[in-house]
Novice: 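This is the structure I have questions about; it appears just below.
For the numbers below, each heavy atom of this structure counts, side chains included, while hydrogens, waters and symmetry mates do not. Letters go in sequence order (proteins before strands), and every chain restarts at 1.
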Amino acid sequence: MKVVSLIHFMGSSFTFPELRLLFGLQVFAWPAMAHWLSGARQARKGTFFHVRVEPDFAASPAGRAILHTYRRRIWLWTLFVDVIYLIGSARSDVVSVPLWLLPITYAAMGGCVAAFYLAWRQTCVQAAAVPGPSVRTAALFAANDEACWWLDILDWLGMVLPLALPVIAAAILMFRWHQLPSNRIWFAVTGVILAGSFGIIPAGTQFALRYHARSSDWNPDPHASHKHRTLLGFMGVVIFTYMSLQFCISAVLPAIAGHRANLHFTFGWLIVISLLLGTRLWLVKNVSRESGDPMPDSCWKWGLYYVNHDDPALVVPARSGTGFSFNYGHRVIWLTWVGIAILCLTEAIGSAVIVLRMAR
Amino acid sequence: MAQRSAQIRLDTKSDIPAYRQVADQVRTLAVEGVLAPGDLLPPVRRLALELGVHFNTVAEAYRVLAQEGFLEITHGHGACVIDRTSPRHAGPDVAEGFRQRLRELVAGVRARGLTRRQIAGELKTIVEGLESR
């Protein structure tokens, strides 16, 4: 019963103090995640703040000091951002308070990235450089065991579904355009465009993981490598597709049913999060990477971004953890991000103008 | 059909250019018979991706091998290993160059600790392999 009440509470409309408090609290998710990912967890693959170091550096006084400073910085910065937000939003109302969400989230995330960069620089200075593996091997004959029907299905679902949903929603909107209330047009159109632009990320990632990633980087065994890459992309697909579904339904429902959507997606998020946690756990336990990150250290800019113009791979394994990093040495990655950023900015500014007009 | 395995190994810290490492290894595999006439090599983009080098590096290696008569590159079909059982006539300079390189190689591995017996054993294996074909 308690769980049901919680879902009902989270799905219902929030009052102004509740919404303000919720937004204020959500920014702490970023330092909490950065805190959790730092330290022992990131040192597992012989790296410390993405620098290849001796195994005992993390436990040394210098290593501990860097980690302590990093964690202190991320928490203090987020606290600072939250205080600014609480002071600034005190005079807002329930309509305009969501406008704070993006700036404070990006400020908290940006602070975590900046703190990571500072820690990476400190580590580069204080830790002795450890040379990484320099040998790569490639099979001349394709391995038959790389093919697997259910992985292929997941790959294709991941490449098609995140883009198919907004396309279907756009088609419905076009046919039902006249039934759309005039005050919902902007939100419906931008909702579908945002769903489409966000859909490019998981679909493109799944495509790159299937066709433009080096098999041996993820696992020496081609089949395990395929499984690893597919499931890694699948996690992003699940999140973005569910987000896209929310955007699309919210955009299309007023055109179909003639009223504003009043749906609660919280229960679905619980399923999505459970699915993600399960997949991640399975990834960590069963198909963790064993090849030892053969990417040259000089290609990791700020310790975070992989930039290698000569490397044809569009995605490479992350320096720590089970994730991945895009190869920013390729123009296609930059252009995609710039395109998405322009769309998001246009949507955010347009929505802000409309919301402020409505508030007046 | 049994799964065949042949691997190209690239050392990014080696002084030898990447395209030459690739060409040398493919040539060795072709001479040793691991690559048979008619075998298709992986597309340039695929091999470059797996080795983490620029496409032009692998394309250059394939071009060198095509000039030497080991590969035939057909547009749209990729690089195919061709029969090179009737080599062109080699001049005395080729034999002299081979002798010189072999001496340097033997001196080099002796300097790195390989014994005369070990070197002789390795050379004998290569000779036996050549004679059996």
Side-chain angles (χ1 to χ4, degrees), chain A residues 52 129-147 207-223 225-226 229 291-300 306-317 324-327 329-332, chain B residues 1-62 65 70-71 73 78-81:
Chain A
R52 206 177 262 121
V130 175
S134 62
V135 173
R136 275 217 182 95
T137 54
L140 280 183
F141 301 111
N144 289 334
D145 53 355
E146 201 173 344
F207 175 79
L209 282 166
R210 183 178 167 92
Y211 294 112
H212 289 277
R214 218 176 345 274
S215 173
S216 58
D217 277 354
W218 307 82
N219 202 300
D221 171 28
H223 181 66
S225 174
H226 188 187
R229 285 177 284 142
S291 59
D293 190 1
M295 269 65 74
D297 286 14
S298 56
C299 294
W300 289 94
Y306 181 67
V307 185
N308 189 349
H309 301 279
D310 287 338
D311 188 350
L314 287 179
V315 275
V316 294
F324 61 85
S325 172
F326 292 110
N327 181 0
H330 288 281
R331 206 176 292 163
V332 64
Chain B
M1 193 179 133
Q3 182 73 47
R4 295 168 67 190
S5 69
Q7 283 201 324
I8 297 286
R9 189 175 173 277
L10 185 81
D11 188 349
T12 51
K13 288 185 181 158
S14 167
D15 293 333
I16 303 167
Y19 86 92
R20 266 193 51 204
Q21 291 186 51
V22 176
D24 288 350
Q25 290 177 61
V26 175
R27 190 188 300 112
T28 308
L29 292 169
V31 168
E32 288 176 349
V34 179
L35 289 174
D39 278 344
L40 269 178
L41 289 188
V44 168
R45 285 180 180 271
R46 185 74 221 165
L47 191 58
L49 177 68
E50 286 301 323
L51 292 172
V53 292
H54 200 274
F55 306 127
N56 289 343
T57 305
V58 177
E60 181 62 23
Y62 280 11
L65 291 165
F70 285 99
L71 297 182
I73 301 171
C80 180
V81 180

Novice: Could you tell me the separation between the CG atom of B/Leu41 and the CZ atom of A/Phe141, rounded to the nearest 0.5 Å?
Specialist: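 The CG atom of B/Leu41 sits 7.5 Å away from the CZ atom of A/Phe141.
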Novice: Looking only at non-hydrogen atoms, find the nearest pair between A/Ala139 and B/Pro42 and report the distance.
Specialist: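 Closest approach of A/Ala139 to B/Pro42, heavy atoms only: O-CG, 4.4 Å.
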Novice: Looking only at non-hydrogen atoms, find the nearest pair between B/Glu50 and A/Ser215 and report the distance.
Specialist: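 Residues B/Glu50 and A/Ser215, closest heavy atoms: OE2-N, 3.2 Å.
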Novice: To the nearest 0.5 angstrom, please state how far the OH atom of A/Tyr211 sits from the CG atom of B/Leu49.
Specialist: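 One finds 13.0 Å between OH of A/Tyr211 and CG of B/Leu49.
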Novice: Return the set of residues passing side-chain hydrogen bond (donor to acceptor under 3.5 Å, both in side chains) with B/Tyr62 (not counting sequence neighbours), or none when no residue passes.
Specialist: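 Scan of B/Tyr62 (side-chain hydrogen bond (donor to acceptor under 3.5 Å, both in side chains), adjacent residues dropped) gives none.
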Novice: Report, by ascending residue number, the residues of residues 51-60 of chain B in heavy-atom contact with chain A at a distance under 4.5 Å; give 'none' if the set is empty.
Specialist: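 Within residues 51-60 of chain B, the residues that come under 4.5 Å of chain A (heavy atoms only) are B/Leu51, B/Gly52, B/Val53, B/His54, B/Phe55.
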Novice: Determine yes or no for a side-chain-to-main-chain donor-acceptor pair under 3.5 angstrom, with B/Thr12 supplying the side chain and A/Ser134 the backbone.
Specialist: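 Looks like yes, one N/O pair under 3.5 Å.
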